[in-house]
Amino acid sequence: MKIKKQHRKKKYLHKLNRKRMHIKQRSTGDVNCKPLKDAWDFKKSTLRNMKEMGLASDPNKVIKIPNFKQEKVKIAKKIVNEDESDDDDVEEEIVQLVPKKEIVEILEKEARAPRQRRFMLPKGQVEFITYLLDKYGHDYKAMAKDKKNYYQETWKQLRAKVKTFMGIPKQYSEYLASKGLLDKEDNEEELKEQAKALVMDDD
């Protein structure tokens, strides 16, 4: 007996914009790197663009992982063909001209530049840490026994959290300002120095 296949009836969905969906699927996203975006030539392929900028499109080809089997085959070929010149060793070094080499220099410069710290603790953690600091000061062993320490963190874990909080000038300055311990003229660098001094005292 032949099995009859059931086909779902095709429906035209009016709410879908097929053209927009196709563009979205084909799109690889916007390039956020400005030097790459400015130097990119849309008439050329991705591989050609990357080569001209002196960048690698495939890191596996640039930094090859050594293959034990291939190395052994090469040694065996050398032993068999002692008189014959080995084509692999006498490869002509092709000097690749990089017309847009300044792109690599710009990217290297940007990579070396110091980054602004954007890390911030969640509001709930800040409230918990400030509560502990208000109640116990820097007595971490007493903090560990507090009834609000729901996750039963050790005194060392709590100390690490307090140090992290003190290392974030924006949040720590707000805490100091709320306690009236911060002058309006103090800047972030002074706050960092104060935090470092407090951390050194705890060790």
Side-chain angles (χ1 to χ4, degrees), residues 10-71 74 87-130 160-177 182 184-196 199:
K10 288 180 182 179
K11 290 181 181 179
Y12 183 80
L13 300 172
H14 295 272
K15 63 182 179 182
L16 293 178
N17 188 331
R18 297 287 177 188
K19 188 179 178 182
R20 196 182 297 150
M21 278 175 69
H22 177 69
I23 292 163
K24 197 175 181 181
Q25 283 171 352
R26 287 287 302 273
S27 173
T28 53
D30 291 329
V31 179
N32 295 323
C33 183
K34 197 180 181 294
L36 274 176
K37 207 171 186 177
D38 295 340
W40 198 269
D41 189 355
F42 289 97
K43 290 177 183 178
K44 294 173 185 176
S45 67
T46 306
L47 194 70
R48 184 82 181 274
N49 270 305
M50 298 289 265
K51 264 189 181 179
E52 284 184 1
M53 291 179 205
L55 301 168
S57 58
D58 187 2
N60 295 319
K61 287 180 181 177
V62 179
I63 306 160
K64 288 182 180 178
I65 299 163
N67 192 318
F68 180 75
K69 191 179 178 181
Q70 284 178 3
E71 292 294 323
K74 276 185 184 179
D87 295 333
D88 294 337
D89 294 339
V90 191
E91 283 183 348
E92 290 181 4
E93 288 185 7
I94 301 160
V95 179
Q96 288 185 350
L97 295 168
V98 184
K100 298 175 185 176
K101 61 181 180 181
E102 67 275 358
I103 304 297
V104 177
E105 290 167 11
I106 293 163
L107 292 171
E108 283 178 354
K109 195 178 178 182
E110 280 183 9
R112 285 194 218 101
R115 295 274 183 272
Q116 189 182 356
R117 194 179 180 191
R118 293 181 181 179
F119 176 73
M120 300 282 273
L121 285 171
K123 192 181 176 182
Q125 272 198 14
V126 172
E127 286 172 2
F128 176 59
I129 291 161
T130 50
K161 277 191 174 182
V162 171
K163 283 183 181 181
T164 307
F165 172 64
M166 284 160 54
I168 302 164
K170 191 180 178 182
Q171 288 181 323
Y172 190 54
S173 64
E174 284 174 11
Y175 169 69
L176 291 174
L182 183 68
K184 287 181 182 178
E185 295 175 1
D186 288 349
N187 57 12
E188 285 193 1
E189 292 298 321
E190 285 176 15
L191 283 169
K192 281 179 186 175
E193 286 173 17
Q194 285 175 18
K196 279 179 187 174
V199 170

Residue pairs, two or more places apart or on separate chains, that pass salt bridge (charged side-chain N to carboxylate O under 4.0 Å, His left out) and touch residues 53-64: none
Of all pairs that satisfy salt bridge (charged side-chain N to carboxylate O under 4.0 Å, His left out), the ones with a partner from residues 14-37, not counting sequence neighbours: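 Listed once each, the pairs are K34-D38.
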Partners meeting side-chain hydrogen bond (donor to acceptor under 3.5 Å, both in side chains) with [X] (sequence neighbours left out):
X	result
K100	none
K44	E52
N17	none
K43	none

Mind checking whether [X] and [Y] have side chains closer than 4.5 Å, heavy atoms only?
X	Y	answer
T164	F119	yes
L107	C33	yes
W40	T46	yes

Check side-chain contact (heavy atoms from CB on, under 4.5 Å) between [X] and all other residues, then give those that pass, not counting sequence neighbours.
X	value
E127	K123
I106	P35, E110
Y12	H14
N32	none

Test ring pair (Phe, Tyr, Trp, His ring centres under 6.0 Å) applied to F68 - qualifying residues, sequence neighbours left out: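 So F68 forms no ring pair (Phe, Tyr, Trp, His ring centres under 6.0 Å) with any residue.
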By ring pair (Phe, Tyr, Trp, His ring centres under 6.0 Å) - contacts of H22 (at least two apart): none
Stepwise salt bridge (Lys or Arg N to Asp or Glu O under 4.0 Å) check, K109 with E105: CA-CA 6 Å; K109 195 178 178 182; E105 290 167 11; over 6 Å; no
N/O donor-acceptor pair under 3.5 Å between S27 side chain and I23 backbone: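 Judged by distance alone, no pair lies under 3.5 Å.
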Q171 side-chain N/O to L121 backbone N/O, donor-acceptor pair under 3.5 Å: yes
CG on D41 to CE on M53, rounded to 0.5 Å: 8.5 Å
Interatomic distance, F42 atom CZ to N49 atom CG [nearest 0.5 angstrom]: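 Between F42 CZ and N49 CG, I get 8.5 Å after rounding to 0.5 Å.
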Nearest heavy atoms of T130 and F165, plus distance in Å: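 Here T130 and F165 meet closest at CG2-CZ, 3.8 Å.
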Shortest non-hydrogen contact between G54 and V104, atoms and distance: O-CG2, 3.8 Å
